[in-house]
Amino acid sequence: MTDDSRPFHKPVRRPAELFDRLFSAEDPAEVSRVAHSTAMALLSRVRADPDADVVERLVAFTDHNGIDDIAELWSRAPARSLPGALWRLYLLQLMIHDDAPSSALLYERGRVATGSSDEVVVGAPVPASPEEMVALIDTILRGLFQGDFAIALERAAAFCRIQSAGATHVADDYELSEPERASALTTRALRLSTYAEDLAAAAGLWRRESLT
């Protein structure tokens, strides 16, 4: 696995550093209001008229602008809310773009280890190359804006479960020889598992028209 970051047009913190980042605000209620209103306005507008160019710009947003602008809006929102779900999808996308080879490795290890229906839900090639991993997460994100929103969230949740299983199994490989790497992978597995639970719950809320 590599620690090299992909070049962006503005400085970007690595995804692992963003999981626990807190953003200052004088009024938490105002931060919450802005997060929910911007997420709903963006999603409603694009889904009402899913212009292909607009959708592609949103899918590629972090490539051109980094993650900080989105984080300032949505990272502090509850996990099982509309802005919280969008934030997790964008962060997941950045994590995969940042190190696609590792994502492909973890996915394949997790797919083989679990043998569950999740791989059918995800719909990735077998085995999936790093380039196919990038294309997959972009397709899932694209589905938020021009497809069935709940299905996109469920695909992302299934993807996270497989990745989590893969990270756990690869961590076992390094437990004796490289304990620090094993610990980092175990932490990633836990985070991905939590993301899977939150995204699956968000999908259910969306279907009940309760994802606010």
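One is the number of the first residue; the rest follow in order along the sequence. All of these numbers come straight from a predicted model, not from anything done at the bench.
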Legend entry - Full working for side chain to side chain contact (heavy atoms under 4.5 Å, CB included) between Leu92 and Leu141: CA-CA 10 Å; Leu92 183 63; Leu141 190 60; over 6 Å; no
Ignoring hydrogens and angles, tell me if any N or O in the side chain of [X] forms a donor-acceptor pair with the backbone of [Y] under 3.5 Å.
{"X": "Ser183", "Y": "Pro179", "answer": "no"}
{"X": "Ser117", "Y": "Val120", "answer": "no"}
{"X": "Ser164", "Y": "Cys160", "answer": "no"}
{"X": "Glu175", "Y": "Ala182", "answer": "no"}
{"X": "Thr38", "Y": "Ala35", "answer": "yes"}
{"X": "Gln93", "Y": "Val59", "answer": "yes"}
{"X": "Ser116", "Y": "Thr114", "answer": "no"}
{"X": "Ser102", "Y": "Asp99", "answer": "no"}

Could you tell me the separation between the [atom1] atom of [X] and the [atom2] atom of [Y], rounded to the nearest 0.5 Å?
{"X": "Gln163", "Y": "Leu105", "atom1": "CD", "atom2": "CG", "answer": "9.0 Å"}
{"X": "Arg57", "Y": "Asn65", "atom1": "CZ", "atom2": "CG", "answer": "11.0 Å"}
{"X": "His64", "Y": "Asp69", "atom1": "NE2", "atom2": "CG", "answer": "13.5 Å"}
{"X": "Ile67", "Y": "Asp98", "atom1": "CD1", "atom2": "CG", "answer": "11.0 Å"}
{"X": "Ser103", "Y": "Ile162", "atom1": "OG", "atom2": "CD1", "answer": "12.5 Å"}
{"X": "Glu119", "Y": "Glu108", "atom1": "CD", "atom2": "CD", "answer": "8.5 Å"}

Please name the pair of heavy atoms, one in [X] and one in [Y], separated by the smallest distance, quoted to 0.1 Å.
{"X": "Ala203", "Y": "Ala150", "result": "CB-O, 3.6 Å"}
{"X": "Pro127", "Y": "Glu132", "result": "O-OE1, 3.7 Å"}
{"X": "Ala152", "Y": "Ile140", "result": "O-CG2, 3.4 Å"}
{"X": "Ala77", "Y": "Pro83", "result": "CB-CG, 3.6 Å"}
{"X": "Met133", "Y": "Ala128", "result": "CE-CB, 3.4 Å"}

Legend entry - Partner set under salt bridge (Lys or Arg N to Asp or Glu O under 4.0 Å) for Asp148, not counting sequence neighbours: none
Contact check, side chains of [X] and [Y], non-hydrogen atoms, under 4.5 Å:
{"X": "Asp173", "Y": "Arg109", "result": "yes"}
{"X": "Ile96", "Y": "Tyr107", "result": "no"}
{"X": "Thr62", "Y": "His97", "result": "no"}
{"X": "Leu199", "Y": "Leu89", "result": "yes"}
{"X": "Val54", "Y": "Phe145", "result": "no"}
{"X": "Ser75", "Y": "Trp87", "result": "yes"}
{"X": "Arg188", "Y": "Leu106", "result": "yes"}
{"X": "Arg80", "Y": "Glu197", "result": "yes"}

Inset, instruction - Return yes when atom CZ of Arg47 has more than 12 non-hydrogen atoms of other residues, nucleotides or ligands closer than 6.0 Å, and no otherwise. - result: yes
Do you reckon [X] sits in the same ILVMFWY cluster as [Y], going by side-chain contacts under 4.5 Å, direct or chained?
{"X": "Leu42", "Y": "Ile70", "answer": "yes"}
{"X": "Leu82", "Y": "Ile151", "answer": "no"}
{"X": "Val121", "Y": "Val112", "answer": "no"}
{"X": "Leu190", "Y": "Met95", "answer": "no"}

Inset, instruction - Return the orientation label for the Phe61 and Tyr90 ring planes: parallel under 30°, perpendicular over 60°, tilted otherwise. - result: perpendicular
Legend entry - Residue list, side chain to side chain contact (heavy atoms under 4.5 Å, CB included) with Ala202, at least two apart or on another chain: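 For Ala202, the residues satisfying side chain to side chain contact (heavy atoms under 4.5 Å, CB included) (neighbours in sequence not counted) are Ala85, Leu153, Leu211.
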Legend entry - Results of ring-ring contact (aromatic ring centres under 6.0 Å, His included) for Phe149 - residues two or more places apart only: Trp206
Legend entry - Residues Val122, Arg111; criterion side chain to side chain contact (heavy atoms under 4.5 Å, CB included); working and verdict: CA-CA 11 Å; Val122 173; Arg111 184 190 69 80; over 6 Å; no
